[in-house]
Colleague: 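Here's a structure for you.
Everything numeric here is computed off the predicted structure, so don't read it as measured data. Order of listing sets the numbers, starting from 1, for every ligand and every atom in it.
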Amino acid sequence: ARLVVATHNPGKARELAEILEGRYRLVTAGELGLSEPEETEATFTGNALLKARAAAMASGLPALADDSGLSVAGLDGAPGVLSARWAGPGKDFAPAMARIERELAERGADSPRAYFTCALALAWPDDLAVVAEGRIDGDLVFPPRGDRGFGYDPIFRPDGHDLTFGEMDPAAKDAMSHRARAFSRLKAALA
Ligand code: ITT
């Protein structure tokens, strides 16, 4: 079956392909030349649904979208749904990670607690859709460690582990990530 992966983020597209394990013939939104809708919703699930629906309508195929981000307890949940916007258009997350470190220091926040959220939405061209969310908790570490993964991975150390997502083997991240947890819930909802 053909499935559109409605993301323009290569790190996400790679992890989603790993998590889907060859079950579908994947085509990315970029390959289809689909434009990115503006993420106008205030929640991960809202933005995931918006992106999945737009891709399904435009392609005539079922589409899977991912909206995700890092929420820092000491920053009242920021950057959260604004995680991509804090980083800007480039691939360099060093400034966004430094901003988190700086704002935590400015607030005198002493807890490094944070969590990643992933909302996955699957939409069909007839406007049916399902959405599921996954979360993983951990601590932030500064300076950033590791160059695997993507985005904020080098500053996130999941609970119960010594390595950051940036240092971990991709398969280890995929076994526990917010993305993998959202996917298992999505599967359960469809079973
Ligand atoms: P699409 O909307 O095209 O899918 P995007 O990068 O704009 O791509 P989001 O709006 O969902 O996606 O932003 C998610 C942000 O959170 C983005 O900056 C990611 O780098 C970051 N993020 C999400 N999942 C992550 C993960 O597993 N590891 C590290 N950073 C992650």
Side-chain angles (χ1 to χ4, degrees), residues 3-19 26-56 58 63-72 75 77-100 114-123 131 133-138 140-141 144-158 161 163-183:
L3 178 67
V4 178
V5 179
T7 180
H8 291 77
N9 180 320
K12 279 187 189 177
R14 179 179 41 73
E15 287 185 9
L16 289 170
E18 286 161 4
I19 291 168
L26 302 182
V27 46
T28 64
E31 285 162 354
L32 291 176
L34 304 181
S35 59
E36 291 181 70
E38 201 192 333
E39 297 181 20
T40 49
E41 297 290 326
T43 62
F44 295 111
T45 54
N47 282 324
L49 278 167
L50 179 153
K51 290 188 277 190
R53 286 193 166 121
L64 179 69
D66 171 318
D67 201 68
S68 42
L70 181 69
S71 300
V72 180
L75 301 181
V81 291
L82 301 178
S83 291
R85 276 162 269 184
W86 272 38
K91 275 219 182 92
D92 182 12
F93 275 69
M97 293 189 288
R99 176 172 171 192
I100 291 173
Y115 59 89
F116 273 119
T117 303
C118 175
L120 288 178
L122 180 58
V131 62
E133 223 174 74
R135 163 176 170 160
I136 183 162
D137 288 83
L140 298 182
V141 300
R145 295 188 343 217
D147 55 8
R148 309 178 89 164
F150 67 99
Y152 297 93
D153 280 342
I155 57 170
F156 185 80
R157 186 179 61 215
H161 297 266
L163 299 180
T164 67
F165 271 173
E167 295 171 308
M168 238 176 234
D169 190 85
K173 180 184 173 188
D174 289 344
M176 71 178 87
S177 76
H178 46 309
R179 190 156 287 109
R181 288 176 180 176
F183 184 67

Colleague: Restricting to non-hydrogen atoms, name the atom on A48 and the atom on D67 that form the minimum distance, rounded to 0.1 Å.
Modeller: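 What the structure gives for the nearest pair is N-CB, 3.7 Å.
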Colleague: Under the 3.5 angstrom rule, does the side chain of S83 hit a backbone N or O of L70 as a donor-acceptor pair?
Modeller: yes
Colleague: With heavy atoms of K173 as the reference, note each atom of ligand 1 found under 4.0 Å away.
Modeller: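 Per the distance check, 26 (C), 27 (O), 28 (N).
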Colleague: List every atom of ligand 1 that sits less than 4.0 Å from any heavy atom of H178, numbering the atoms from 1 in the order shown and giving each element.
Modeller: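 Ligand 1 atoms under the 4.0 Å threshold to H178: 24 (N), 25 (C), 26 (C), 27 (O).
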Colleague: Determine whether L16 and L26 make a side-chain contact, defined as any pair of heavy atoms from C-beta on separated by less than 4.5 Å.
Modeller: no
Colleague: Nearest protein heavy atom to atom 24 (N) of ligand 1, by residue and atom, and its distance?
Modeller: R179 NH2, 2.9 Å
Colleague: Would you mind listing which atoms of ligand 1 come within a distance below 4.0 Å of any non-hydrogen atom of D67?
Modeller: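 Answer for ligand 1: 9 (P), 10 (O), 11 (O).
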Colleague: Identify, by atom number and element, the atoms of ligand 1 in contact range of E36, meaning under 4.0 Å from any of its heavy atoms.
Modeller: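 Here the atoms of ligand 1 in question are 3 (O).
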Colleague: Quick check for you: to the nearest 0.5 Å, what is the distance between F165 atom CZ and K173 atom NZ?
Modeller: 6.0 Å
Colleague: Just let me know how S68 lines up against ligand 1, side chain, backbone, both or neither, with a heavy-atom cut-off below 4.0 Å.
Modeller: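 Both backbone and side chain.
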Colleague: Do me a favour and list the nearest non-hydrogen protein atom to atom 6 (O) of ligand 1 with residue, atom name and distance?
Modeller: N9 ND2, 2.9 Å
Colleague: Might you confirm whether atom CG of D169 has over 12 heavy atoms from other residues, nucleotides or ligands at distances under 6.0 Å?
Modeller: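 Yes.
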Colleague: What are the two closest heavy atoms between K91 and P10, and how far apart are they?
Modeller: CE-CG, 4.2 Å
Colleague: Mark up the atoms of ligand 1 that fall under 4.0 Å of a heavy atom belonging to D66, in ascending order.
Modeller: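 Result: 4 (O), 11 (O).
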Colleague: Starting from atom 22 (N) of ligand 1, which protein heavy atom do you reach first, and at what distance in Å?
Modeller: F150 CE1, 3.9 Å
Colleague: Over all heavy atoms of both residues, which pair between G80 and S71 is shortest? Give the atoms and the distance, please.
Modeller: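 That would be CA-OG, 3.8 Å.
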Colleague: What protein heavy atom sits nearest atom 2 (O) of ligand 1, and how far off is it?
Modeller: K51 NZ, 2.7 Å
Colleague: Which bit of F165 gets closer than 4.0 Å to ligand 1, counting heavy atoms only: side chain, backbone, both or neither?
Modeller: neither
Colleague: Using only atom types and a distance under 3.5 Å, with no angle test, would you say the side chain of E15 pairs donor to acceptor with the backbone of K12?
Modeller: no
Colleague: State, without any angle test, whether N9 and T7 hold a side-chain donor-acceptor pair at a distance under 3.5 Å.
Modeller: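 Checked: N9/T7 side chains show no N/O donor-acceptor pair below 3.5 Å.
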Colleague: So which protein heavy atom does atom 13 (O) of ligand 1 come closest to, and at what separation?
Modeller: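 The closest one turns out to be A84 CB, 3.3 Å.
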Colleague: Report the distance from atom NE2 of H161 to atom CZ of F156, rounding to the nearest 0.5 Å.
Modeller: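 If we round to the nearest 0.5 Å, H161:NE2 and F156:CZ are 10.0 Å apart.
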Colleague: Counting each atom of ligand 1 from 1 as listed, which ones have a heavy atom of T7 under 4.0 Å away?
Modeller: 1 (P), 3 (O), 4 (O), 8 (O)
Colleague: Just say parallel, tilted or perpendicular for the rings of H178 and F116, cut-offs at 30° and 60°.
Modeller: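 Ring orientation of H178 relative to F116: parallel.
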Colleague: Quick one: does F93's side chain get under 4.5 Å of P144's, heavy atoms only?
Modeller: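 No; the side chains remain at least 4.5 Å from each other.
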Colleague: Would you check whether G69 reaches within less than 4.0 Å of ligand 1, judged by its heavy atoms?
Modeller: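 It does; at least one heavy atom falls under 4.0 Å.
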Colleague: What atoms of ligand 1 come within less than 4.0 Å of a heavy atom belonging to E39?
Modeller: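 Near E39, the atoms of ligand 1 are 2 (O), 10 (O).
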Colleague: Which residue and non-hydrogen atom of the protein lie closest to atom 28 (N) of ligand 1, and at what distance in Å?
Modeller: D153 OD1, 2.6 Å
Colleague: I'd like to check which ligand 1 atoms, numbered from 1 as shown, lie under 4.0 Å from a non-hydrogen atom of S83.
Modeller: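 In order of number, 15 (C), 16 (O), 18 (O).
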Colleague: When you look for heavy atoms under 4.0 Å from ligand 1, do you find them on the side chain of F93, its backbone, both, or neither?
Modeller: side chain
Colleague: Quick one: nearest non-hydrogen protein atom to atom 21 (C) of ligand 1, plus distance?
Modeller: Y152 CD1, 3.9 Å
Colleague: Tell me which protein heavy atom sits closest to atom 9 (P) of ligand 1, plus the residue, atom name and distance to 0.1 Å.
Modeller: K12 NZ, 3.4 Å
